[in-house]
Amino acid sequence: MANPEKEVLFNNNHNNTISCDFLENILSKLDTKSLKLCECVSKSWLSLLRTPYFINLHLHDQQPHVVFLKKKVRKFYHTLSICDGENFAEISLQKFPFIERDYSSPLFMGSDNGVLGLFCFRTDVIHLWNPTINEYKELPIFLDSSCVDSVLGLGYDPLTNDIKVVRFTSLDENGVVGTHNLFKHGNQVWIFSLRNNSWKKMAMPNIFSEFEIPISDITISVGLGCSIVLNECIHWMVWFVNRIGYNQSSLGIVSFDISNETFKHIKLPKTVKLERDYGNNLANFSGFLSFFTLSEFQVVEIWVMKKYGDSDSWFKYLSCNLLTLLPNRYSMKV
């Protein structure tokens, strides 16, 4: 599909012309490092490569990669292994360019559009890092949050060509540190815009009004997994822990529309139980919102949402007992 905003022709030194669409198709197939070098060819090329249209075109033409965080706590030496999305073969190994200054293990917040978000607990510093071109940015600290619980995530806004970071906090509207309920109505939510290089504050809306039990009897906290971006929304898996009866606790998903900056609660199937001490994590399953659970009996269940936003469209894609996949030691030949 042609770029409707740019139908110009590019000239080279031999007075030949290259169609903009033809050039876009060629350049979109390049890896990010090679594309970075192409920005130095001319101002016209630089202008083309920085347009939101081309950025999205290049992103969709790239093969998906998987990243693994490798930690060496004693030596404070952390690396990021970038692997092929199909066979997990390592493509490159990147050393963290900023981790040596605070000697802490980073929390992986999430990723989108090739940008990773990492949060350092000890210094309360957030980094945005593009490991492919090894460029990073340290975000300005917006408050003294040494005693403030928080949940973070990031996503790309295609409407404004911007990376946004969302941070839920335990601060109420008056700036007083409240309970561990980070999604409480009225709590401060901070949003960082990379384009503007600034934070702004908004109040957490009431998105849990449909609960049958009083919300005052529930502690809402986030799971151990990082945020997931899908359909231009950031998603977090949350726990609804009933302080009166734990067996009535449940799971849910909080979503944040990156462009409209609105929140929504996505319900999970009622049959799914909270496995707090084991595993409950979100995933992007071939473009569909999904999650998996791991029970104490090592049973993995994968659930997929057929129609995004429709809580009635969840279906169980897979149920597997991991113990059955292990070799039987008593039947092995000696």
Side-chain angles (χ1 to χ4, degrees), residues 98 101-102 104-113 115-130 136-208 215 219-239 252-266 282:
F98 47 79
R101 292 186 297 164
D102 47 48
S104 60
S105 180
L107 169 69
F108 182 54
M109 297 159 29
S111 67
D112 196 18
N113 223 37
V115 177
L116 309 181
L118 296 125
F119 175 62
C120 297
F121 283 106
R122 194 179 69 84
T123 58
D124 201 58
V125 171
I126 302 170
H127 288 100
L128 299 181
W129 180 30
N130 187 329
Y136 74 94
K137 177 178 177 59
E138 181 178 310
L139 273 56
I141 298 177
F142 61 95
L143 48 78
D144 181 13
S145 52
S146 56
C147 58
V148 177
D149 294 326
S150 60
V151 173
L152 302 107
L154 81 158
Y156 172 71
D157 184 355
L159 295 183
T160 58
N161 189 26
D162 193 10
I163 295 287
K164 294 181 180 179
V165 175
V166 181
R167 183 170 188 173
F168 300 90
T169 73
S170 55
L171 295 171
D172 64 16
E173 59 270 21
N174 299 316
V176 178
V177 178
T179 64
H180 296 292
N181 189 345
L182 301 176
F183 302 94
K184 183 181 177 182
H185 180 212
N187 272 16
Q188 294 183 17
V189 180
W190 289 81
I191 302 172
F192 176 82
S193 165
L194 182 61
R195 188 184 184 95
N196 299 325
N197 192 36
S198 62
W199 292 90
K200 69 177 181 180
K201 180 177 66 173
M202 64 182 298
M204 182 66 193
N206 183 14
I207 60 174
F208 307 114
I215 197 68
T219 297
I220 307 174
S221 57
V222 74
L224 298 177
C226 63
S227 63
I228 294 293
V229 178
L230 192 74
N231 288 353
E232 299 174 5
C233 293
I234 311 173
H235 303 83
W236 295 264
M237 175 76 83
V238 294
W239 299 333
I253 297 173
V254 171
S255 72
F256 174 78
D257 188 300
I258 304 170
S259 298
N260 298 327
E261 298 184 353
T262 55
F263 297 90
K264 184 180 179 181
H265 170 217
I266 300 177
L282 289 176

Worksheet, complete the sentence: Nearest heavy-atom approach of N187 to S170 is ND2-CA, 3.8 Å
Practice prompt. Determine the minimum heavy-atom distance between I258 and K164, stating which atoms define it.
Written response: O-NZ, 2.9 Å
Worksheet item: If you round to the nearest 0.5 Å, how far is OG of S198 from CD1 of I191?
Response: 11.0 Å
Worksheet item: With F263, which residues qualify under ring pair (Phe, Tyr, Trp, His ring centres under 6.0 Å), at least two apart?
Response: F168, F256
Discussion item. Contact between K184 and D172 at the side-chain level, heavy atoms closer than 4.5 Å - yes or no?
Written reply: no
Discussion item. Ignoring hydrogens, what is the shortest heavy-atom contact between I234 and G153? Give both atom names and the distance.
Written reply: CD1-C, 4.3 Å
Worksheet entry | Nearest-0.5 Å distance that lies between atom SG in C233 and atom CD1 in I266 | 7.5 Å
Item to complete: Please confirm whether the backbone N or O of Q188 pairs with a side-chain atom of T169, one donor and one acceptor, at under 3.5 Å?
Response: yes
Fill in: Any donor-acceptor N/O pair, W236 side chain to L152 backbone, under 3.5 Å
yes
Practice prompt. Go through the structure and list residues passing side-chain contact (heavy atoms from CB on, under 4.5 Å) with N260, not counting sequence neighbours.
Written response: D257, T262
Fill in: Closest approach of F108 to S111 (non-hydrogen atoms, all atoms of both residues)
CZ-CB, 4.0 Å
Worksheet item: Can you name the residues that form a side-chain contact (heavy atoms from CB on, under 4.5 Å) with K264, not counting sequence neighbours?
Response: S255
Worksheet item: Partners of N231 by side-chain hydrogen bond (donor to acceptor under 3.5 Å, both in side chains), sequence neighbours excluded?
Response: none
Practice prompt. Could you tell me which non-hydrogen atom of G186 sits nearest to which non-hydrogen atom of A203, and how far apart they are?
Written response: O-CB, 4.3 Å
Worksheet item: What residues form a side-chain contact (heavy atoms from CB on, under 4.5 Å) with T160, not counting sequence neighbours?
Response: D157, D162
Fill in: Selection residues 185-199 - residue pairs positive for salt bridge (Lys or Arg N to Asp or Glu O under 4.0 Å), sequence neighbours left out
none
Worksheet item: Hey, does F192 have a side-chain heavy atom less than 4.5 Å from the side chain of L154?
Response: no
Worksheet item: Residues two or more places apart in sequence or in another chain: which of them pass side-chain contact (heavy atoms from CB on, under 4.5 Å) with P158?
Response: N56, Y156, E232, S259
Fill in: Those residues that, when tested against K200, pass salt bridge (charged side-chain N to carboxylate O under 4.0 Å, His left out) (two or more places apart)
E261
Worksheet entry | Gap between atom CG of N113 and atom CG of N130 - 0.5 Å precision | 9.0 Å
Worksheet item: Any side-chain heavy-atom pair from R167 and W199 closer than 4.5 angstrom?
Response: yes
Discussion item. Looking at L118, is its backbone amide N or carbonyl O close enough to the side chain of H127 to form a donor-acceptor pair, meaning the two atoms are under 3.5 Å apart?
Written reply: no
Discussion item. When you compare the side chain of D124 with that of F119, does any pair of heavy atoms fall below 4.5 Å?
Written reply: yes
Response to the item:
Shortest non-hydrogen pair, G110 vs C226, comes out as N-CB, 4.0 Å
